[in-house]
Amino acid sequence: MVNKVTVKDLVCYYGNKCVLNLLNIQIMKNEILNIIGPANSGKTTFLRTLNRMNEYNLLYSYDGKIYLDGKNIFTMKVEQLRRRISMLFAMPTPFPMSIYDNIVYAPKHLKLIKSKAEQNIIVERVLKDVSLWDEVKDRLNWPAMKISGGQQQRLCIARVLAINPEVILFDEPCSGLDPISTAKVEQTMLRLKQKYTIVFVTNNVKQAFRIGDRTAFFFMGELIEINNTKQLFHSPNNKKTADYITGRFG
Amino acid sequence: MKINPKLSQQLSYCILFLVTICAITPVVFIFFLIIKNGVPNLTIKFLTSMTKDGGIFPAIIGTFTIVVCSIIIVFPVGVFAAIYLNEYAKRNLLTRLIKLAIVNLAGIPSVVYGLFGLSIFVMFCKLGVSIISGALTLSIMELPVIITTARNALNNVPYSFREASLALGMSRWQTVKYIVLPNAMPGILTGTILSIARISGETAPILFTAAAFYVPHLPHSIFDQVMTLPYHLYITSTQVPCVSKTILFGTALTLLIIVLTISLFAIIARLYFRRHRKW
Ligand SMILES: Nc1ncnc2c1ncn2[C@@H]1O[C@H](COP(=O)(O)OP(=O)(O)OP(=O)(O)O)[C@@H](O)[C@H]1O
Ligand SMILES: [Mg+2]
């Protein structure tokens, strides 16, 4: 197992309020790392620190080190970092453009693709990766906002795949979806594991059990426990973890 | 006392309908009056001959150039200022003061802008009474309005679009250019259309800065003074004895048509951006 991301002594604040306290985590290449924990435990803050999305929030401050392949992410060019560590949000966020344009938007402007033919190939490939191709191949110039919520979320995943990142952060990507769409997104994630490293925040304990190789349990800004998903669920070391996964609070 | 809900529903519907009618009646009436009295006078000769031959050609050219010049100045400056304030400026005291100042500037009477333009552009910058002085004065007057409408339009673009774009490795400027601005453009242009109408009709700001009572020739450059339609209308209706009504209404109708023509460009641009936005 190769180390992809290393987080060392990370502390995050909003104003004076400490929301992540001395976090140490290693994320392995090609794994799905679950992050579970009750509301306000700092899961979203952790993801948004990994690709520096909180940078424009004046309340936010951090301390500690994060390395991507051994390089400090805080000294990288932020656009470069976000191309390598991209992010998916809880609500689908398609742009008000066609399905096709949504996918080629970033690669085109980042000059990752040159010809129209290349664009077509990428659109087909990423839509197949999220198993959306068969559903939309006849209407690629439809407004992306007119397809269903589940399809929109998979389109957003496809849009991320089109820039070919190394790590993808999923922040509760299924929270607004029905069970069938949820299952499709889950299958997609399992398939993506072969090529990408995935950090998966979820509020759904069962879903975490189904998906992740390892699971980290956050509570009130602290990493309480991190272990293989099976082990963590069958024999948690910490009482809080046990309480949370058996649904006694959260 | 209890009112039957169905009755009260119908009552409020009636009241709202009547109020709407009251609101649009004067507008319709004005349009009707101007068109009815103006059209007979709208001959080629009236539109294209010089003032001494009874035409308003110099005033048409004057109004047209002043309005186009000031839109060319105020539109980019206003939009970029709005982008800066909304997308880049840190939320500190200075930014708050600037925003407050802009809101208040929009409430200043236009004649004050006229005096300001006279002292700054005409006298201090030595631009003289000229098209450029008038255009600059009108720009300054309209700047707060454009900034405010542009900021509203930018604010209406959901924050999630920006975040989604940034998360794909796009820079902030790319996000503004490709996502935020195209989606805000219809709103910005609606504001611009209203501004064009306001700029075209103003007399006070150009009274001391650009407009002349009478110029025997057409302007040679933007440093010449010109006749303008609103001022010409004011002069002919108040200062010149026994001018026929039809000439006045002809001038007013011409002004309306010019406003519509210039606005048409903005309307077409707005259509273009609406088409390209796929909600
Ligand atoms: N933009 C912000 N400004 C100030 N405080 C914030 C901000 N975002 C989050 N917080 C605070 O930081 C703490 C952690 O929030 P965070 O969103 O990381 O939790 P979470 O684990 O993702 O919760 P949830 O499961 O509800 O999504 C919370 O107490 C929250 O109130
Ligand atoms: Mg969250």
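Chain identifiers are assigned alphabetically (A, B, ...) following the order of the sequence lines, protein sequences preceding nucleic acid strands; residue numbering begins at 1 within each chain.
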Check: B/Ser160 main-chain N/O paired with A/Thr93 side-chain donor or acceptor under 3.5 Å:
no
If you count the non-hydrogen atoms of other residues, nucleotides and ligands that lie under 6.0 Å from OH in A/Tyr60, is the total more than 12?
yes
When you look at OH of A/Tyr100, are more than 12 heavy atoms from neighbouring residues, nucleotides or ligands closer to it than 6.0 Å?
yes
Tell me, for A/Pro94 versus chain B, whether the close heavy atoms (under 4.5 Å) come from the side chain, the backbone, both or neither.
backbone
I'd like to check B/Ile179 versus A/Tyr105 (side-chain heavy atoms, cut-off strictly below 4.5 Å). Are they in contact?
yes
For B/Phe161 and A/Pro96 the tightest heavy-atom approach is CE2-CD, 3.3 Å
Over all atoms of both residues, closest heavy-atom pair of B/Ala164 and A/Arg159
CB-NH2, 3.5 Å
Closest heavy-atom contact between B/Ala167 and A/Ser86?
O-OG, 2.8 Å
A/Lys137 atom NZ: more than 12 heavy-atom contacts under 6.0 Å
yes
Strictly below 4.0 Å, N to O, side chains only: are B/Arg172 and A/Glu79 in salt-bridge contact?
no
Counting only heavy atoms from other residues, nucleotides and ligands, does the tally under 6.0 Å from OH of A/Tyr13 exceed 12?
no
May I ask you to name which of A/Arg83, A/Met87, A/Met53 has the most heavy-atom pairs under 4.5 Å with chain B?
A/Met53
Step through the shown structure and confirm whether more than 12 heavy atoms of other residues, nucleotides or ligands are within 6.0 Å of OH on A/Tyr14.
yes
Kindly indicate whether a cation-pi arrangement holds for B/Arg162 with A/Tyr56, taking the cut-offs as under 6.0 Å to the six-membered ring centre and within 45° of the axis.
no
Let me know if A/Arg52 has heavy atoms under 4.5 Å from chain B in its side chain, its backbone, both or neither.
neither
Please work out whether the ring planes of B/Tyr178 and A/His109 are parallel, tilted or perpendicular, with thresholds of 30° and 60°.
parallel
In terms of heavy-atom contacts, does CD of A/Glu55 have more than 12 from other residues, nucleotides or ligands at under 6.0 Å?
yes
For B/Arg96, look at atom CZ and say whether over 12 heavy atoms of other residues, nucleotides or ligands are found less than 6.0 Å away.
no
Does atom CG of A/Asn72 have more than 12 heavy-atom neighbours from other groups under 6.0 Å away?
yes
Is the shortest side-chain heavy-atom distance between A/Arg82 and B/Leu168 below 4.5 Å?
no
